[in-house]
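First comes the structure, then the notes that go with it.
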Number of protein chains: 2
Amino acid sequence: MARPSKRTTLREVAEATGLSTAAVSYALRGKHVSKETEQRVRKAAADLGYEADPIARALAGGRTSMVGVLSGDLQDLWQQQLMAAIGRELLAGDRYALILDAGGDPERELALAKQLRDQRVDGLLVSPVDPSAEGWAKIADAVPVVSIGDSLRRARTAGEVLFDNRAGIDTVLDHLRGLGHRRITVLTPTGPSTPDRPADVYVREAADRLHLTVEVLPCAQELGEATAVARRVLDGAGGGGARRAVPTAVFCFSDSIAYGVYAAAAEASLAVGRDLSVVGFDDHPVSRILTPPLTTLDWGLADIAKEAARLAVAAIEGRRVRRKRILCAPRLSERGSALGRGPG
Amino acid sequence: MARPSKRTTLREVAEATGLSTAAVSYALRGKHVSKETEQRVRKAAADLGYEADPIARALAGGRTSMVGVLSGDLQDLWQQQLMAAIGRELLAGDRYALILDAGGDPERELALAKQLRDQRVDGLLVSPVDPSAEGWAKIADAVPVVSIGDSLRRARTAGEVLFDNRAGIDTVLDHLRGLGHRRITVLTPTGPSTPDRPADVYVREAADRLHLTVEVLPCAQELGEATAVARRVLDGAGGGGARRAVPTAVFCFSDSIAYGVYAAAAEASLAVGRDLSVVGFDDHPVSRILTPPLTTLDWGLADIAKEAARLAVAAIEGRRVRRKRILCAPRLSERGSALGRGPG
DNA sequence: TCGCATCAGTGAAGCGGTTAAGTTCCGTGC
DNA sequence: GCACGGAACTTAACCGCTTCACTGATGCGA
């Protein structure tokens, strides 16, 4: 529990080599000293098992080689995938990825971001719950921030990887319309107070254009809750409790939510694909092994992780980058969960 | 990019109140000072928007209220769930959970653990790749460590949450035998050099006892790779490449792997449940919405997260705890993926 | 031969807190 | 009336590293 084995400090290496701590500090970072002393210092450091204390280093203003990765809601399976992928990407570049979960709470999200900033992470990747929060500005001023999925409107970020949601929505609704669907329910993730996310707007625009009857409902990512919401939808008892027509297709803004619909459909003995079409949004690996495999959007998770990491690393290293705003286009992974139906 | 807005420091609060920094430091932690000054200091601190710098605090030897959560392999869907659950659990207790991923690499795992220790996390939760590594000892001496899923044999940990693997294996193999299966393939996660994990041993013991023909194969968590391995198994071309009999049941040591088997079975036009029985190990939320729903073991993930967090927090706060070794018993979630078959 | 960069290395001042060891001041018990 | 003890603060020494300003040597062109 206590800290028995004191670690070797810079000073000890200095004493061992007969140099000043400053010289050693420089030497170990390959600056400013002769090749010869550098070798000598490195050897001594190795012999003594010296490893720089990241905390002291951070306090004195150095790099930490830590990068914060902040998920808005780690309950979402796709976010889990994304965070893991980003983590690996960064690890490959010898940086430590600290993954944090805001649990869908905008205040917590900001608090965590601040904590990360205070920990002197070199950079911060965030898939935000509340992209328009004021707080981002100050954070982005202190550390390079790359946002994923949404622009941090109030902040000057180091880059962003965005999803062309409008394209995604158009693609899916087009597809569903082409299959003959007219009455569609759209399930979007609940942001406790998701402010001006324009997804709803896009949905309504597309719906108007395509003459579709859509209903947009918020829905949590967690399977149980998603199932509950889906149950109500398939019951015709959605939204306000008013009894209304059951949709022929459900378009879910995350595969997690789609899984809830599968569960509810099974309970109601509805065959997904035949009796009810379902479309997801993320192409989670599991989606392809469902029965029927989930028709969903593929945004290229691996690339997203790669691009996001690249942007962050570039910013950290002070490199300029040509395009700091990446817009990902979706590809429809057409599988078996959305099928045609006679008109009506 | 630069750090423009300097944060208010302890000194500034001291000056504002006409006290010494020491007094302020004490006051803010409610020690050693009169009620009156404490109030005065708190007010000044609030007015100035003072927030202690965690790095400086850590350097000086204080608490950080950060807890490290280290996953051996965040590719595994169940680990994703577990880490997320632990994160929430800790968050609820006002501690920051830093989730890291060792990517299945034992060396990296230790490096990350050290990094975390050096970051002065108050505690460390770890679901280890290599529980018998020497390195754990020194880490556990510097920070309270709670291990999940395996004992850190060489280290004096603050607690452990273990799974009764033997019971799990017995349960599943018993179950499969009862259903009439005799030829069973067991797919275990690859540890790059998983040393003395006794799972294989348990499997063989149980197999001998039950007169089963089992083959144990290592398998990665990632869906693509798991599918590839499963493909070979269903091909009868497993292991060494020698042609041999196809098993009637596959027992997977993680649901992730089971998903790979589902995928491979679909490719081979085998109906899971009828033509091939599959059993998983984790009860991932998605498992219940597969077709057929995956028969798997339920270890009570929520409780695991809760217990692990509890042990860690207790250790951090220096509380003694009655049982620092929790053994979780599995419950068989019998669903549709493992069904009976005639003898043979 | 001199003046002036340049290079290798040193000293010391932080970074922003914590904490052990005083220093005052004051109420008490005897 | 006085030594004593504790409350309330202050002083100053770190924690371990980075970095700025500076000192000597050395090289070198003029």
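First the proteins, then the strands, lettered A, B, ... as listed; each starts at 1.
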Nucleotides 9-18 of chain C: protein proximity per nucleotide (B base, S sugar-phosphate only, - neither; heavy atom, under 4.0 Å): BBB--BBBBB
Can you tell me how far the CG atom of A:L82 sits from the OG atom of A:S127, to the nearest 0.5 Å? 6.5 Å
Nearest-angstrom distance from the residue atom NZ of B:K35 to C1' of D:dA7: 14 Å
side-chain contact (heavy atoms from CB on, under 4.5 Å) partners for A:R154, two or more places apart: A:E134
Would you please name every residue forming a side-chain contact (heavy atoms from CB on, under 4.5 Å) with A:S65, sequence neighbours left out?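 Here the qualifying residues are A:Y96, A:D122.
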If only atom types and distance count, is the side chain of B:E307 paired as donor or acceptor with the main-chain N or O of B:I304 below 3.5 Å? no
Tell me, which pairs form a side chain to side chain donor-acceptor pair (under 3.5 Å) where one or both residues lie in residues 52-62 of chain B, sequence neighbours left out? A:R120-B:D53
Electrostatic pair A:E38:A:R42 at N-O distance under 4.0 angstrom: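 So A:E38 pairs with A:R42 through a salt bridge.
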Using 4.0 Å as the upper bound for N to carboxylate O, is an ion pair formed by A:K114 and A:D118?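 Answer for the salt bridge query: no.
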For the helix from C:dT1-D:dA30 to C:dC30-D:dG1, what angle separates the axis at the start from the axis at the finish, each from five pairs, in steps of 10°?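 Rounded value for the end-axis angle: 40°.
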What pairs of residues pass the salt bridge (charged side-chain N to carboxylate O under 4.0 Å, His left out) test when at least one of them lies in residues 86-103 of chain A, not counting sequence neighbours?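 Output for this query lists A:R88-B:D73, A:R88-B:D101, A:R95-A:E317, A:D101-B:R88.
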